[in-house]
Amino acid sequence: MYTAHPDRYADMPYRRTGRSGLKLPALSLGLWHNFGPDRPVETQRAILRRAFDLGVTHFDLANNYGPPPGSAESALGEALKADFASYRDELVISTKAGYLMWPGPYGEWGSRKYLLSSLDQSLTRMGLDYVDVFYSHRPDPETPLEETMGALHTAVRQGKALYVGVSNYSPEQTREAARILAELGTPLLIHQPRYSMLDRRPETSGLLDTLDELQVGSIAYSPLEQGLLTGRYLDGIPEDSRAASDSPFLNSDAVTEELVGKLRDLDEIAKSRGQSLAQMALAWVLREGRVTSALVGASSPKQLEDSVSAIGNLDFGSDELTRIDKIVNR
C-alpha cells in the first residue's frame, strides 16, 4: 500500500491563485497524453505517486484526455482508489469540457446541457463527488457567454465543483466571463492559457495584464512547447519524437534550421544557469510570480523529477531575460 512521503511539502513552493484561498504548486501534473490504455498502469500510478511525494498536489485533466477520450480520467480514478483515497483533501483535481467528447449536437462547445452532462460523466469516471476546479475549455462562438458561465455557476451550487475557470479565452472574453460570474456570486478563479518562451501570446495580447487586473490566477499549458524546449531537438528531429510522428500538435515542418539554432542558443543560457533547457523553460514561465503554476506532462517518474528540479532556480537576471528575448525574437 502506498504511503506518501512525510516531507512532501518541504521544497515545493505554493502560490495563491488570484484573489482566493486556494494555493497551487508551482508545477502541476497534466494528464494529457500519457494516461490511457496504451501506457502501463503501473507506470501511470508510479508517476502520480512520485508527483505527490514531490509536493505536486494538483492533477489537471479534461473530459477528452487520453487517448481515447475519457481514459485519462478513468486512469486517475483507478489510481485515486488504489493509492490516494486517504489523501483526497490534500489534492487539487481539475477537469474541463468544451472540445468534442461524444457525437451529436450536445457533445461539445459550451451549452449548459453539454457542460453539466460532461461534468457528471467526468465525476463518474474518476469516482469523485466533486472536482476542485471545473473549466470551460474553450469559448463557444454560438452560445451566449451567460449560459456557459451560468453552467459553471450551477456546478458550484450543486457541490460538484469548488471553483471554476476558463481556458483559451481572449482577454476580452475573460473580462466578460469574470463579470458574469461575479454577478452570479461564483468568482472566476483561474485561466489556463498556452504560454512558453516560444509562445508569448498571453503577454502580447494583454491577457496576463487582464488577469492581474481582475485578480484571477493563471496556469500555463505547453510551457515546453510540445517538447521543443526539452532539448530533444537540439540536433534535429529524433525518430521517436512527436514531430517525427506527424502529430497534429507538432509537425516536422515546424522544426526548421532557424528554430534549432535558437534552441541551441537557449540551451547555452540554461547550462550557464546549471539547468537543462526544459528546466529553464519552466522557470521562465514561472518568473516574477505572474503565473500561478505551470503544467508539465511526464512519461516516467524520472522525467517528472527532472521537471520539478526547475524550482531550484526560478530567478533570472535582467541580462539573461534580455538574451532570451533576443534569441527568440531574432
Side-chain angles (χ1 to χ4, degrees), residues 1-5 8 22 24-25 28-102 106-108 112-137 151-152 154-165 167 189-190 192 219 293 295-299 301 304:
M1 176 174 293
Y2 166 68
T3 301
H5 196 286
R8 58 191 175 276
L22 184 68
L24 292 179
S28 299
L29 180 63
L31 280 66
W32 180 32
H33 263 228
N34 293 317
F35 287 79
D38 60 335
R39 307 281 177 162
V41 171
E42 190 51 43
T43 299
Q44 298 175 49
R45 288 179 59 187
I47 293 169
L48 292 167
R49 291 192 296 260
R50 188 63 181 135
F52 191 54
D53 284 344
L54 292 170
V56 178
T57 54
H58 178 209
F59 300 155
D60 178 79
L61 302 101
N63 57 356
N64 63 336
Y65 285 0
S71 60
E73 290 179 332
S74 296
L76 178 64
E78 292 300 315
L80 291 174
K81 183 169 58 176
D83 295 326
F84 296 99
S86 62
Y87 300 108
R88 172 64 182 99
D89 292 336
E90 296 184 48
L91 294 171
V92 174
I93 298 172
S94 60
T95 196
K96 316 175 197 71
Y99 287 95
L100 182 64
M101 188 59 190
W102 62 84
Y106 318 119
E108 63 178 326
R112 180 180 184 85
K113 179 172 178 59
Y114 166 67
L115 290 173
L116 295 178
S117 297
S118 178
L119 178 56
D120 284 342
Q121 293 179 24
S122 292
L123 292 174
T124 297
R125 282 190 290 268
M126 291 186 284
L128 295 174
D129 296 324
Y130 70 94
V131 291
D132 296 276
V133 187
F134 182 47
Y135 288 88
S136 168
H137 206 166
L152 298 185
T154 295
V156 173
R157 290 289 300 273
Q158 290 177 339
K160 296 177 181 179
L162 300 185
Y163 302 93
V164 299
S167 181
L189 174 81
I190 194 167
Q192 187 173 133
I219 179 166
S293 184
L295 276 170
V296 296
S299 58
L304 178 69

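From a predicted model like this one, the values you see are computed outputs, not experimental measurements.
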Considering all heavy atoms, the nearest [X]-[Y] contact:
X: Val92; Y: Val133; result: CG1-CG2, 4.4 Å
X: Gly159; Y: Tyr130; result: O-CB, 3.3 Å
X: Lys160; Y: Asp120; result: NZ-OD1, 2.8 Å
X: Pro37; Y: Pro67; result: CD-O, 3.4 Å

Quick one: [atom1] on [X] to [atom2] on [Y], what's the gap to the nearest 0.5 Å?
X: Ser94; Y: Leu162; atom1: OG; atom2: CG; answer: 11.5 Å
X: Leu61; Y: Leu31; atom1: CG; atom2: CG; answer: 4.5 Å
X: Asn64; Y: Ser71; atom1: CG; atom2: OG; answer: 10.0 Å
X: Leu76; Y: Phe35; atom1: CG; atom2: CZ; answer: 8.0 Å
X: Ser74; Y: Tyr65; atom1: OG; atom2: OH; answer: 15.5 Å
X: Leu29; Y: Arg50; atom1: CG; atom2: CZ; answer: 13.0 Å

(request) Mind jotting down which residue pairs meet the salt bridge (charged side-chain N to carboxylate O under 4.0 Å, His left out) criterion with at least one end in residues 52-61? Sequence neighbours excluded, please. (result)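 Output for this query lists Asp60-Lys96.
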(message) Could you check whether any side-chain heavy atom of Asp129 comes within less than 4.5 Å of a side-chain heavy atom of Leu123, counting everything from C-beta outward?
(response) no
(message) Any heavy-atom pair between the side chains of Leu119 and Val131 that's under 4.5 Å?
(response) yes
(request) For Phe134 and Tyr163, run ring pair (Phe, Tyr, Trp, His ring centres under 6.0 Å): C-alpha distance rounded to whole Å, both residues' side-chain angles, the deciding distance at 0.1 Å, then the answer. (result) CA-CA 6 Å; Phe134 182 47; Tyr163 302 93; over 10 Å; no
For [X], side chain to side chain contact (heavy atoms under 4.5 Å, CB included) partners two or more places apart:
X: Ser117; result: Trp102, Lys113
X: Ile219; result: Ser28, His58, Tyr135, Ile190, Gln192, Ser293, Leu295
X: Glu90; result: Arg8, Tyr9, Phe52, Tyr87
X: Ala151; result: Arg112, Leu115, Leu116

(message) One thing to verify: whether Arg88 and Asp132 come together as a salt bridge, which I'm taking to mean a side-chain N less than 4.0 angstrom from a carboxylate O.
(response)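 Yes, Asp132 and Arg88 are salt-bridged.
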(message) According to salt bridge (charged side-chain N to carboxylate O under 4.0 Å, His left out), who are the partners of Arg157, at least two apart in sequence or on a separate chain?
(response) none
(message) According to salt bridge (charged side-chain N to carboxylate O under 4.0 Å, His left out), who are the partners of Asp38, at least two apart in sequence or on a separate chain?
(response)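 For Asp38, no residue satisfies salt bridge (charged side-chain N to carboxylate O under 4.0 Å, His left out) once neighbours in sequence are set aside.
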(message) According to ring-ring contact (aromatic ring centres under 6.0 Å, His included), who are the partners of His137, at least two apart in sequence or on a separate chain?
(response)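 Only Tyr99 meet the ring-ring contact (aromatic ring centres under 6.0 Å, His included) criterion with His137.
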(message) Please enumerate all residues that pass side-chain hydrogen bond (donor to acceptor under 3.5 Å, both in side chains) together with Tyr114, with sequence neighbours excluded.
(response)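 side-chain hydrogen bond (donor to acceptor under 3.5 Å, both in side chains) list for Tyr114, sorted by chain: Asn63.
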Donor-acceptor pairs under 3.5 angstrom involving side-chain atoms of residues 40-48: please list them, not counting sequence neighbours.
{"unit_1": "Glu42", "atom_1": "OE2", "unit_2": "Arg49", "atom_2": "NH2", "d": "2.5"}
{"unit_1": "Gln44", "atom_1": "NE2", "unit_2": "Gly36", "atom_2": "O", "d": "2.9"}
{"unit_1": "Gln44", "atom_1": "NE2", "unit_2": "Arg39", "atom_2": "O", "d": "2.9"}
{"unit_1": "Arg45", "atom_1": "NE", "unit_2": "Asp83", "atom_2": "OD2", "d": "3.0"}
{"unit_1": "Arg45", "atom_1": "NH2", "unit_2": "Asp83", "atom_2": "OD1", "d": "2.7"}
{"unit_1": "Arg45", "atom_1": "NH2", "unit_2": "Asp83", "atom_2": "OD2", "d": "3.2"}

